[in-house]
Asker: 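Pasting a structure here, questions to come.
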Amino acid sequence: MLKRTHHCAELRSADVGQDVVLAGWVNNYRDHGGVIFIDLRDRDGITQLVFHPESAEAHEAADRLRHEDVAVARGKVVSREEGMANPKLPTGEIEIDCTDVELLNKAETPPFVPDEAHKVGEEQRLRYRYIDLRRPRMMDILRTRHRVAKIMRDYFDEQGFYEIETPFLCRSTPEGARDFLVPARLQSGNFYALPQSPQLFKQILMVSGMDKYVQIVRCFRDEDPRADRQAEFTQLDLEMSFVEADDVMDTCEELMRRIWNQVLDVEVPAVRRMPYAEAMDRFGSDRPDLRFEMELVDVSDIAGQTEFKVFTSALAEGGIVKAIRVPGGAKMSRKETDGLAEWVKQFGAGGLPITKIEGGKVSTGIAKFIEPVSDAIVERMCAEDGDLICFGVDAKSTVVHRVLGELRVKIAQQLDMIDEGQWEWLWVVDFPMVEWDEGDRRWKSLHHPFTAPVDADLDKLESDTGAVNSKAYDLVLNGSELGGGSIRIHRPDVQQRVFRLLGIDEQEARMKFGFLLDALRYGAPPHGGIAFGLDRIVMHLCGTDNIRDVMAFPKTQNGADLMTEAPSPVDERQLQDLSLRLIGPVTES
RNA sequence: GGGGCGGUAGAUCAAUUGGUUAGAGCACCGGACUGUCGAUCCGGAGGUUGCGGGUUCGAUUCCCGUCCGCCUCGCCA
């Protein structure tokens with residue numbers, strides 16, 4: 001086999017005259033009867049090969065090349081004549097005048113041609129992932145992903161972090177997402193759980209005195225996937241000793257600065273901070289997208305002066321009325337606003353009262369009900385002619401926030417109000433430690449049960465649980481949560497109190513987290529950390545909203561790998577080894 | 001578990017209120033062509049309309065069930 005000398009994105013005018021050998025896949029072929037052109041593609045790019053009839057043997061071989069054949073060719077780098085350069089290719093100034101070509105592997109006709117010109121459905125892409133990954137776009141994404149991981153490792157190495165691996169076969173813990181279980185053959189009837197995150201291990205590492213830990217690690221959560229969520233995903237996980245929240249945030253901010261600078265040549269300014277309560281109040285979200293306005297404005301007092309039943313009955317039940325002003329939104333049609341009204345129902349809204357502003361007054365929609373307070377509304381909302389006002393009304397403020405929070409994003413997208421080149425970073429801080437779960441009738445951690453309450457709130461832990469804030473922080477970029485973390489509890493007594501108020505009694509805490517409570521008793525340094533979704537970071541850098549695009553081998557919404565056809569039934573023998581018997585129907589595939 | 005959209009040639013899509021032999025550009029095969037680069041021109045082959053059932057003289061089209069993919073609610077400490 002000819003030994004390759006260069007890759008397919010390497011050669012330029014300066015290399016003219018060199019004898020070279022290139023190897024790769026046939027991206028395209030153009031047979032002109034006499035001269036034949038082959039676009040040879042490898043991981044890095046494309047170079048045009050030329051075959052002239054004078055090199056009879058090579059010409060004849062080239063004549064048989066088709067899409068995705070694997071070949072290696074020898075030739076001389078020649079300059080393309082005036083007007084024949086291809087400005088679309090970095091290598092477009094030159095071509096290889098080939099004297100030899102060797103077909104290394106004939107390809108069957110591929111199910112699809114891996115270039116951007118041919119559209120392919122995602123199902124086919126996943127089934128033939130090896131071909132899909134050949135597309136320059138996918139190569140670029142995986143290259144970016146590699147670079148991000150490299151920048152992370154270099155950065156944390158400089159900062160004195162150790163990369164330490166933690167187990168995949170773990171103890172199942174209560175709280176949190178559903179665990180993926182792995183039957184333990186050596187202890188029949190018992191199970192390991194795949195880690196939802198290495199949370200406990202990294203805290204243990206701090207107790208061990210490792211000081212600073214980092215890991216790029218796979219995590220598993222057995223919940224239904226979404227466009228930006230997979231059951232199996234990757235975190236940048238880190239933990240630091242003897243630090244406070246600011247230290248962790250500063251460390252991570254600098255990392256993001258470096259990544260955005262090196263990958264996109266974008267400067268990340270000092271990241272502002274916003275308390276959770278303010279984020280919810282102004283944006284109806286704990287991860288507000290600050291690229292556009294449309295803030296939530298409380299109009300409960302004005303709404304209370306109307307006779308509009310929707311408003312008054314919600315207020316009578318202790319609810320609130322908030323509104324957002326959509327600049328220029330009056331141009332939306334009845335059909336469009338009706339569509340939004342239908343859309344918000346999924347978030348618990350009864351409907352979506354709206355009105356438009358015309359001649360300085362409310363007009364259309366619910367105008368006839370709120371006519372008497374028109375001036376107050378216009379003033380409070382700073383509304384102008386041509387605006388649309390959308391109201392969020394409910395007996396529960398959480399519903400109002402959710403509805404308007406989702407709505408402002410939806411409208412911003414629909415009305416094209418988002419500048420795609422803009423990056424709005426934000427630390428959300430001062431989270432409540434817990435929130436009340438009405439369904440389960442108990443307190444649940446907003447973050448996780450190891451998050452430290454702020455010192456000033458320690459006394460309120462039992463007496464005013466809902467008012468306790470935690471030392472937690474989330475990094476938000478353009479309305480998406482990149483990661484979150486906290487300062488941890490490092491005192492066993494505090495940890496025990498938190499477990500207790502989460503409804504994890506002494507015995508259960510002992511059983512499930514005994515090792516952590518023990519570890520905290522044997523000299524635990526104050527510590528804290530954070531975890532980022534690596535996949536989400538790469539999604540932002542590559543400009544995709546599909547997490548499957550940034551994973552080499554993702555799974556479908558059904559949890560299937562269409563290429564390997566996992567999951568699959570297993571032999572009866574395997575089940576026997578594990579002391580398992582199936583009691584449910586087996587899914588056919 | 002719920003809601004929505006989709007499944008037709010290798011791939012991407014089309015097919016009138018149910019009506020003749022299910023079409024198109026791309027890919028594939030054959031031919032022509034010595035400067036293309038999404039080459040061009042001529043010709044050809046290629047279909048269990050996801051699967052099962054039903055209504056009908058007749059179903060890609062209507063109904064029921066089921067499988068698969070996507071979006072989403074629930075879920076995601």
Side-chain angles (χ1 to χ4, degrees), chain A residues 27-40 46-54 59 66-68 78 80-89 91-92 95 97 107-128 131-132 173-179 196-197 199-200 219-231 233 342-348 402 406 410 433-435 437 439-440 443-451 470 472 481 484 486 498-499 502 504 531 533 545-546 548 555-558 560 562 565 587-589:
Chain A
N27 194 63
N28 203 1
Y29 60 96
R30 293 175 294 280
D31 180 356
H32 284 251
V35 66
I36 295 173
F37 299 100
I38 302 286
D39 294 335
L40 197 68
I46 290 175
T47 299
Q48 176 168 282
L49 311 180
V50 198
F51 296 84
H52 291 286
E54 291 73 37
H59 186 266
R66 291 295 181 271
H67 281 288
E68 300 309 306
V78 297
R80 297 207 204 173
E81 283 174 38
E82 193 69 20
M84 292 199 286
N86 183 354
K88 291 182 197 164
L89 291 180
T91 60
E95 61 194 6
D97 188 353
E108 278 183 29
T109 302
F112 55 89
V113 178
D115 64 23
E116 307 308 324
H118 292 82
K119 279 189 282 179
V120 201
E122 194 163 13
E123 202 170 340
Q124 299 301 325
R125 292 177 53 199
L126 293 177
R127 197 174 306 282
Y128 302 97
I131 294 172
D132 186 47
T173 53
E175 303 261 324
R178 191 178 295 113
D179 282 326
Q196 295 179 27
S197 84
Q199 184 60 35
L200 292 165
C219 301
F220 307 86
R221 295 177 188 178
D222 191 3
E223 302 290 353
D224 287 9
R226 285 287 185 282
D228 62 348
R229 213 169 80 189
Q230 284 262 302
F233 63 101
E342 195 54 42
W343 183 80
V344 294
K345 285 181 182 168
Q346 63 181 311
F347 305 111
R402 176 89 198 272
E406 297 284 353
K410 176 82 171 175
M433 193 177 75
V434 291
E435 64 184 346
D437 185 303
D440 290 1
W443 294 105
K444 285 197 170 167
S445 301
L446 217 70
H447 207 68
H448 57 54
F450 318 108
T451 302
S470 69
E481 184 196 324
S486 62
V498 170
F499 279 155
L502 289 174
I504 304 173
D545 51 14
N546 179 349
R548 295 179 298 278
K555 289 177 177 58
T556 67
Q557 200 140 90
N558 228 342
L562 296 181
E565 296 184 298
T587 302
E588 308 276 344
S589 55

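Predicted, not measured: the structure shown is a model, and the values here were computed from it. Just so it is clear: chains get the letters A, B, ... in the order the sequence lines come, proteins before strands, and each one is counted from 1.
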Asker: What residues, two or more places apart in sequence or in another chain, satisfy side-chain contact (heavy atoms from CB on, under 4.5 Å) together with Pro53(A)?
Answerer: His59(A)
Asker: Identify whether any heavy atom of Gly83(A) sits under 4.0 Å from a base atom; if not, whether one sits that close to sugar-phosphate; answer base, sugar-phosphate or nothing.
Answerer: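 Counting heavy atoms under 4.0 Å across all strands, no contact is made by Gly83(A).
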Asker: Report yes if a donor N or O on one partner sits less than 3.5 Å from an acceptor N or O on the other, where the partners are the side chain of Gln48(A) and the base of U36(B); otherwise report no.
Answerer: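 Check passes, donor-acceptor contact within cut-off.
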Asker: Write out a two-atom table: protein N or O, nucleotide N or O from nucleotides 24-30 of chain B, distance below 3.5 Å.
Answerer:
| unit_1 | atom_1 | unit_2 | atom_2 | d |
| --- | --- | --- | --- | --- |
| C26(B) | O2' | His118(A) | NE2 | 2.5 |
| C28(B) | OP1 | Tyr29(A) | OH | 3.3 |
| C28(B) | OP2 | Tyr29(A) | OH | 3.2 |
| C29(B) | OP2 | Arg66(A) | NE | 3.2 |

Asker: Applying a 4.0 Å non-hydrogen cut-off, can you work out what Glu54(A) is touching in the nucleic acid: base, sugar-phosphate, or nothing?
Answerer: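 If one applies the 4.0 Å heavy-atom cut-off, Glu54(A) turns out to touch a base.
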Asker: For nucleotides 70-77 of chain B, read 5' to 3', which letter fits each nucleotide if B means a protein heavy atom sits under 4.0 Å from the base, S means only the sugar-phosphate is that close, and - means neither?
Answerer: BBBBBBBB
Asker: Sequence neighbours excluded, which residues qualify as salt bridge (Lys or Arg N to Asp or Glu O under 4.0 Å) partners of Glu81(A)?
Answerer: none
Asker: Which nucleotide, in any strand shown, forms a Watson-Crick or G-U wobble pair with U40(B), with both distances under 3.5 Å?
Answerer: A32(B)
Asker: Going by an N to O cut-off under 4.0 Å, is there a salt bridge joining Asp224(A) and Arg229(A)?
Answerer: no
Asker: Under a 3.5 Å cut-off for both distances, is G69(B) Watson-Crick or wobble paired, and to whom?
Answerer: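 Pairing partner: C5(B).
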Asker: What residues, two or more places apart in sequence or in another chain, satisfy salt bridge (Lys or Arg N to Asp or Glu O under 4.0 Å) together with Lys444(A)?
Answerer: Asp437(A), Asp440(A)
Asker: Regarding Ala85(A), tell me which of base, sugar-phosphate or nothing describes its non-hydrogen contacts under 4.0 Å with the strands shown.
Answerer: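 Ala85(A): base contact, heavy atoms under 4.0 Å.
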Asker: Once hydrogens and angles are ignored, does a donor-acceptor distance under 3.5 Å link the base of G3(B) to the side chain of Glu342(A)?
Answerer: no
Asker: With a 3.5 Å cut-off and just heavy-atom distances, do the side chain of Arg80(A) and the base of C37(B) make a donor-acceptor pair?
Answerer: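 Answer is yes: a donor-acceptor pair is held.
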Asker: Can you pull every protein N or O that's under 3.5 Å from an N or O on nucleotides 45-47 of chain B?
Answerer:
none

